[in-house]
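Worksheet for the structure shown next.
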Amino acid sequence: MKTTTQNNRGEIFAKTIHFPKVITKQQHNPLNYLLLLGMIFSVYILSMQPVWAHGEKNLEPYVRMRTIQWYDVQWSKQQFNVNDEVSVTGKFHVAEDWPISVPKPDAAFLNISTPGPVLIRTERYLNGKPFMNSVALQPGGDYDFKVVLKGRLPGRYHIHPFFNLLDAGQVMGPGVWLDIAGDAANFTNDIQTIGGKSINMETYGLANGIFWHSFWAFLATAWLLWWVRRPLFIARYRMLHAGLEEELVTPLDRNIGKAILVGIPVLVLVFYTMTVNEYPKAIPLQASLDQILPLSAKVNTGVVEVDTTRAEYRVAERTMTMSLKIKNGSDKPIQIAEFATGGVHFLNKAAPAPKQNDADSVVAAEGLSLDNATPIQPSEQRTVLMTAGDALWESEKLDGLINDPDSRIGGLLFFYDTEGERYVSSVTAAVIPKFN
Amino acid sequence: MSANLSPRTFRPYTGEKARIARAYDYLVLVLALFLFIGSFHLHFALTVGDWDFWVDWKDRQWWPLVTPLIGITFPAAVQAVLWTNFRLPLGATLCVACLSIGTWIARVFAYHYWNYFPINMVMPSTMLPSALFLDAVLMLSNSLTITAIFGGSAFALLFYPSNWPIFGMFHLPVEAGNSQLTVADMFGFQYIRTGMPEYLRIIERGTLRTYGQIATPLSAFCSALLCTLMYTLWWHIGKWFATTRYLNRI
């Protein structure tokens, strides 16, 4: 093959280059590669599964265990139709032993995990008070909540109540499967303004918005076409560099430009004034932080006192052993029925608790055992060795706390007396790992 | 080289040359359309983001400050290329029109059909009036300085009033949960956004309200000042990235 090249002095010379002759046994057809890629892509598409989780196990264990401690979470129903209302109620205790690395819950938002707005939230209450914004929570405080939702899109969804904590993340409550039946086209969501105007939230302002976007798009398109209809890049570049600039922007173009300079601001101000006159009662967006005080104590009421003296996690056995100094200040014998932490409930088979309605809760039905199962008598103080063991420590990714910078456990202990009265105490302790 | 032609020796292309030059125009226009729809929309989504996504983020303080400031970037850069080399005063309008196409596609398909939000909750704002004005100023002044000062300022000042006809009606007051909200706030409360707690919204944070209830004009003028600087910066970025070396070979 002959080619030309240039040396350092700019002299052009020719030289011959001989490429080695390549002998191939097989011609590679690009179509084969495309076919292979297509097959891989098809297998990938056909084998895709819907995602059912929302990362509820992803947050570090110490955050799930020692921030918002959910209990008694119930759903009014789990099968309903579009436009039907469903409510979720429950309680939560804000841990006293709030992790140092998590900002205090000065701004928290009680939310619902959904795959998009398949339900809408119509009402929300904290301690019986309606609230629309974020709220400041107090560590050690007890709260109950209620959220009312309305079915919007048919389907089967896994839904959790959860808290968004400012700068900390999401702390999930127990989740359930909701089945929404019916037709999405029948969904209605009408609200009323203070002025008495009824609004369909699904369509409100849409036609108006499309009109104004279309109006300005029409003017912009006209302006673009005005220029695009003429020869553009090469022709204009040549003319500009030939000194024919005056021919590129004609007097008519300039007059149109002047009309734009005057017309656009005038139109904008006229339309703005029309809107202001049409909606004279418009107010700015509202943003506030609701202040709702905790309830009187529901956890650590002082009747049953618990002090955690030591906690060990046996990695191989997946068991947490806690040494608890318990003082029964009630007038009836009490037993430990349940230990709940990070959304997992360890139940004491020897002291069955009345069924809780934490639908779809993660439960270790026989996961709790005590070294001394006899009830703690009134006024008795006893040190109890409690063992919570189950593979759920691992499958729920709670065993990761031994890798956390703040390796402490927190949770709620549920005691019941002989008449079914419940006492709840929070426990917390540093965790010592045992690796053998 | 064609650039060295004088008015006396200049001959416009005719016949096949003219046809090919016109085909080249359309080729560049189509490529530019897709390029700006993608790149400007991405740039806008990553920087203005929630202020343009959600109706309950469009407050009177940050929205009119942030949106024009980011919105003037690509228009300035493209104006620098199209005006300097071709005397085409359509860079801003072209960019903002592409942005509008991109945002509407995203809102309808990604936000509505994919994530189920009503479209009225995620309607984009418009900057087309501002862009038309910016193009006109550049064409009439043929000056970077004048366009930056007057065009850039007008780009910001026109933004809020040109969008109020679209979004004003979402500011009607509603009573809910023993408190006063706007219709826009109700959208944020009712239509659940798992990753968007209310406290994340940046609604009138800062000290502008110290001046009474005139946060919007103050924000708009602040944005106008910043837009003059942003315009100049992005004009030079546009010139820096642009080249006509391939045209010189024609």
Side-chain angles (χ1 to χ4, degrees), chain A residues 107 109 111-114 116-118 120-121 130-134 153 164 166 191 193-194 199 202 204-206 209 212-213 216 219-220 223-224 227 231-238 240-245 248-249 254 257 260-261 264 268-269 271-272 275 279 281-287, chain B residues 2-3 5 7 10 21-22 24-25 28 59-60 85-88 90 93-94 97 115-120 123 126 128-129 132-133 136 139-140 158 161-162 164-166 168-179 181-182 184-186 189-192 194 197-199 201 203 247 250:
Chain A
F109 188 78
N111 211 338
I112 301 289
S113 76
T114 61
V118 297
I120 62 164
R121 175 172 39 219
F131 75 118
M132 309 300 285
N133 301 297
S134 301
L153 290 177
N164 295 101
L166 179 61
I191 65 166
T193 66
I194 288 179
I199 285 175
E202 293 286 304
Y204 180 70
L206 180 60
W212 286 112
H213 273 278
W216 293 116
L219 293 186
W223 176 250
L224 291 176
W227 293 99
L232 294 174
F233 303 107
I234 297 174
R236 295 180 75 90
Y237 182 82
R238 292 179 71 235
L240 180 63
H241 286 270
L244 298 169
E245 185 174 354
L248 294 174
V249 180
R254 292 183 179 280
I260 288 174
L261 279 195
I264 292 288
V268 166
L269 290 177
F271 298 148
Y272 173 77
T275 311
Y279 305 107
K281 305 296 185 193
I283 60 169
L285 295 183
Q286 303 293 297
Chain B
S2 60
L5 289 172
F10 178 79
R22 193 63 180 146
Y24 178 79
D25 288 345
V28 172
D59 72 327
R60 60 184 181 178
N85 297 305
F86 310 104
R87 287 295 183 266
L88 274 173
L90 52 78
T93 308
L94 177 67
N115 284 300
Y116 316 131
F117 289 102
I119 303 175
N120 50 355
M123 218 160 25
T126 182
L128 286 171
L132 282 164
F133 193 92
M139 180 183 74
L140 293 172
L158 287 172
S162 59
W164 194 245
I166 301 174
M169 61 198 303
F170 290 93
H171 287 247
L172 290 180
V174 175
E175 183 185 345
N178 288 348
S179 58
L181 302 176
T182 65
D185 296 315
M186 278 300 285
F189 178 77
Q190 289 194 327
Y191 291 86
I192 298 168
T194 305
E198 191 277 334
Y199 57 71
R201 291 194 304 160
I203 306 294
L247 279 178
I250 295 171

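Proteins get letters first, then strands, A, B, ... in listed order; numbering begins at 1 in each.
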So what's closer than 4.5 Å to chain B heavy atoms on [X]: side chain, backbone, both or neither?
X: A/Asn133; answer: both
X: A/Ile112; answer: both
X: A/Ile199; answer: side chain

Let me know if [X] has heavy atoms under 4.5 Å from chain A in its side chain, its backbone, both or neither.
X: B/Thr126; answer: both
X: B/Ala97; answer: side chain
X: B/Asp59; answer: both

Taken in chain and number order and not counting sequence neighbours, the residues that satisfy ring-ring contact (aromatic ring centres under 6.0 Å, His included) with A/Trp216 are none
Go through the structure and list residues passing ring-ring contact (aromatic ring centres under 6.0 Å, His included) with B/Tyr116, not counting sequence neighbours.
-> none
Selection from A/Ile260, A/Leu166, A/Leu219, A/Asn111 maximising heavy-atom pairs under 4.5 Å formed with chain B = A/Leu166
Go through A/Thr193, A/Val118, A/Val249 and name the one with the most non-hydrogen pairs under 4.5 angstrom from chain B.
-> A/Thr193
Using the side-chain contact (heavy atoms from CB on, under 4.5 Å) rule, take A/Trp223 and B/Leu90 through it: C-alpha gap first, then chi angles, then the decisive distance, then the call.
-> CA-CA 8 Å; A/Trp223 176 250; B/Leu90 52 78; 4.2 Å; yes
Rounded to the nearest 0.5 Å, what separation is found between the [atom1] atom of [X] and the [atom2] atom of [Y]?
X: A/Leu269; Y: B/Leu158; atom1: CG; atom2: CG; answer: 7.5 Å
X: A/Gln286; Y: B/His171; atom1: CD; atom2: NE2; answer: 10.5 Å
X: A/Leu224; Y: B/Leu132; atom1: CG; atom2: CG; answer: 8.0 Å

Evaluate the ring planes of A/Phe233 and B/Tyr24, with Trp represented by its six-membered ring, and classify them as parallel (under 30°), tilted (30 to 60°) or perpendicular (over 60°).
-> perpendicular
